[in-house]
Every structure is written in structure tokens, then in C-alpha cells.
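Here the structure comes first, spelled out in C-alpha cells, and everything after it is commentary.
One is the number of the first residue; the rest follow in order along the sequence.
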Amino acid sequence: MTAEEFHATMAAVHAHNIARITLLKNPDRKFEELPSYPVMFSAQETDLRSLPEAAQAVCRDRRDTEVKATEENKEVVSGWAGSRADHEQGKSGMSREEFQRRLKERHDKNIADFKAREDRTLERLSKLGDQYPEHRDLIVAAYQEVSAFFTRLWDAIKSFFENLVENILEFFRKVGKWFEDRWHDVEDWWRRTFG
């Protein structure tokens, strides 16, 4: 793969995931409008265990940063959900409107932070593609896999936030467990993908 093909492919993967995460702000999501991934790559058919250590380190950093962001969401949203449930049960606490407002702000922050992490990952892996031209296919596949996985994770978090708003009494005690289950998903995915 030439340097030009590599950078064009990395840019296409980046554009797809930025567009997909941006659609999460739109309640009328239309995933068919997304820029498509390059057809020639399938991360599922690529053994990413032979990825150069420097590229694995970038992917590990991304994983750890995403887990840290979900931990922060768990801590913040757990408190809000408890306050919201108190209000629903006739105690002092957070109103539905305030809860929705805070979750929307949190979601917008999550998207902005995700985009920044996606940009950093693209930059770091692109430099490694220049350093390791013989591994460009693997680097593209790793970037595609990492970005797609975490885009799906944040989509799931947004859906969970929506469930919290609609069914606070059913879900507020499950916030911690729900996020812990996502961390296990990340661990399982990492083990399957990178060995």
C-alpha cells in the first residue's frame, strides 16, 4: 500500500466514525448517510496480534482513555440518577427537566471528547504507518476496529441515557452495573481482537 493510499484510507475511516458519532446528536439517525469504509479492508479478517508494538500501544492508550471516560460517566450519572429517582419518589431531588438537560450536556461533552480522541488516534497511527510501511494494512485494520468498537460503545451509552430519562425508577440502581458490564465488553473485545 502506498503512502497516499494509506493516508486516504485512514482519512476515510476517520470521516466515517466522526460522521457516525455526530449522528448520535440527531434523534432521527440515518446511518445509511454515513461515508462508507473502504471496501478493501475488513478488520474481522485481519489478525491484529501481529500489529507492531508501537501501534498496539496507541490502541491500548485509546482503550484506556475510553474506559476512563466511561468511568467518569458512571460516577457523574450515578449521582444524578439517584437524585432524579429521589425526586420521583416524592423526596427532594433533581427534576426530569434538569436531569435531561444535564444528560444532554454530558452527551455533547462525550461526543466532543470522542472526536478529540479519534483525531489523536488518527494522527498517531498515521505517523506509524509512515514509519512502518510494511504494516500499513494492519494499522488501517486496527484503526478501523478500534474506532468502530468505541463508536458503538458511545452509541450504547447514549441509548442507556435515554432509558434513564424514560424509566428512572427502573434503571437508576443499574447505572453502576451497566457501566461495569461495558468495561467487561471492552476487556472481552480487546482479548478477542488483539490477543
Side-chain angles (χ1 to χ4, degrees), residues 13-34 43 58-122 143-194:
V13 171
H14 183 264
H16 175 88
N17 286 305
I18 293 296
R20 181 168 177 183
I21 202 75
T22 302
L23 283 177
L24 295 181
K25 291 179 88 167
N26 181 351
D28 301 318
R29 296 177 259 185
K30 294 187 172 115
F31 290 108
E32 65 273 2
E33 298 173 8
L34 293 174
V58 170
C59 295
R60 245 189 327 276
D61 288 349
R62 176 70 182 271
R63 175 201 64 196
D64 295 346
T65 304
E66 296 292 350
V67 168
K68 184 178 177 187
T70 62
E71 289 171 348
E72 178 185 306
N73 272 267
K74 174 192 167 212
E75 295 305 316
V76 170
V77 174
S78 291
W80 295 345
S83 178
R84 175 70 192 110
D86 285 348
H87 186 270
E88 265 313 289
Q89 296 170 344
K91 303 173 190 169
S92 65
M94 191 180 299
S95 70
R96 179 184 174 106
E97 293 77 21
E98 178 66 11
F99 187 57
Q100 282 180 297
R101 184 189 66 73
R102 288 186 182 190
L103 284 178
K104 182 188 178 322
E105 287 175 359
R106 170 57 55 172
H107 175 65
D108 291 348
K109 178 184 182 324
N110 288 340
I111 289 174
D113 292 350
F114 176 92
K115 287 178 177 180
R117 290 187 299 269
E118 187 72 11
D119 291 347
R120 277 193 308 276
T121 302
L122 171 67
Y143 179 49
Q144 182 177 2
E145 179 65 28
V146 167
S147 295
F149 179 83
F150 288 115
T151 301
R152 290 189 304 271
L153 174 68
W154 288 103
D155 188 25
I157 290 170
K158 177 171 189 319
S159 295
F160 185 69
F161 285 1
E162 291 167 352
N163 287 333
L164 276 174
V165 169
E166 296 304 317
N167 304 297
I168 189 64
L169 293 178
E170 179 183 345
F171 287 105
F172 85 96
R173 285 190 179 96
K174 299 176 183 177
V175 172
K177 172 84 169 96
W178 189 90
F179 277 101
E180 288 170 16
D181 288 347
R182 299 303 68 78
W183 300 333
H184 292 299
D185 293 346
V186 171
E187 290 172 1
D188 291 343
W189 162 78
W190 183 265
R191 206 172 14 263
R192 284 189 321 272
T193 306
F194 293 97

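Separation of atoms OG1 (T65) and CZ (R120) is listed at 6.5 Å; rounding is to 0.5 Å. Atom CD of E118 is separated from atom CZ of F150 by 10.5 Å, given to the nearest 0.5 angstrom. Note that the CD1 atom of I21 and the CG atom of N110 stand 8.5 Å from one another [nearest 0.5 Å].
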When you look at I111 and F114, which way does the side chain to side chain contact (heavy atoms under 4.5 Å, CB included) test go after all the steps?
CA-CA 5 Å; I111 289 174; F114 176 92; 5.6 Å; no
Full working for side chain to side chain contact (heavy atoms under 4.5 Å, CB included) between H14 and D119:
CA-CA 8 Å; H14 183 264; D119 291 347; 2.6 Å; yes
Start with the C-alpha distance between Q144 and H16, add both sets of side-chain angles, then the distance that settles side chain to side chain contact (heavy atoms under 4.5 Å, CB included), and finish with yes or no.
CA-CA 10 Å; Q144 182 177 2; H16 175 88; over 6 Å; no
Would you please test R96 and H87 for side chain to side chain contact (heavy atoms under 4.5 Å, CB included) and show each step?
CA-CA 8 Å; R96 179 184 174 106; H87 186 270; over 6 Å; no
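With sequence neighbours excluded, the residues satisfying salt bridge (Lys or Arg N to Asp or Glu O under 4.0 Å) with E88 are R84. Every residue two or more places apart in sequence or in another chain that forms a salt bridge (Lys or Arg N to Asp or Glu O under 4.0 Å) with E66 is listed here: R62, R117. For the salt bridge (Lys or Arg N to Asp or Glu O under 4.0 Å) test, no residue two or more places apart in sequence or in another chain qualifies with E187. Here D64 pairs with nothing under the salt bridge (Lys or Arg N to Asp or Glu O under 4.0 Å) rule; sequence neighbours left out.
In this structure, the ring of W80 has its center no less than 6.0 angstrom from the ring center of F161.
At distances below 3.5 Å, not a single donor-acceptor pair connects side-chain atoms of S78 with backbone N or O atoms of V175.
Under the salt bridge (Lys or Arg N to Asp or Glu O under 4.0 Å) criterion, the residue pairs touching residues 170-179 are K177-D181, with sequence neighbours excluded. The stretch residues 164-186 participates, sequence neighbours left out, in these ring-ring contact (aromatic ring centres under 6.0 Å, His included) pairs: F160-W178.
The minimum heavy-atom distance between L164 and A81, with the atom names listed, is CD2-CB, 4.4 Å. N17 approaches S147 most closely through the heavy-atom pair ND2-CB, 3.0 Å. Summarising the geometry of C59 relative to V146, their closest heavy-atom pair is SG-CG2, 3.7 Å, with the distance given to 0.1 Å. L103 and V165 get closest at one heavy-atom pair: CD1-CG2, 3.5 Å.
By the 4.0 Å N-to-carboxylate-O rule, R101 lies close enough to E98 to be salt-bridged with it. Ion pairing between E72 and K109 holds under the 4.0 Å rule for side-chain N and carboxylate O. Salt-bridge annotation for K158 and D155: absent, with no side-chain N of the basic residue lying under 4.0 Å from a carboxylate O of the acidic one. Using a cut-off of 4.0 Å between Lys/Arg side-chain N and Asp/Glu carboxylate O, D108 and K104 are scored as salt-bridged. Between R182 and D185 there is a salt bridge, since at least one side-chain N of the basic residue sits less than 4.0 Å from a carboxylate O of the acidic one.
The aromatic rings of F149 and W189 sit parallel, their planes meeting at an angle under 30°, below the 60° perpendicular limit.
When side chains are defined from C-beta on, W154 does not count as touching D113, because their heavy atoms never get closer than 4.5 Å.
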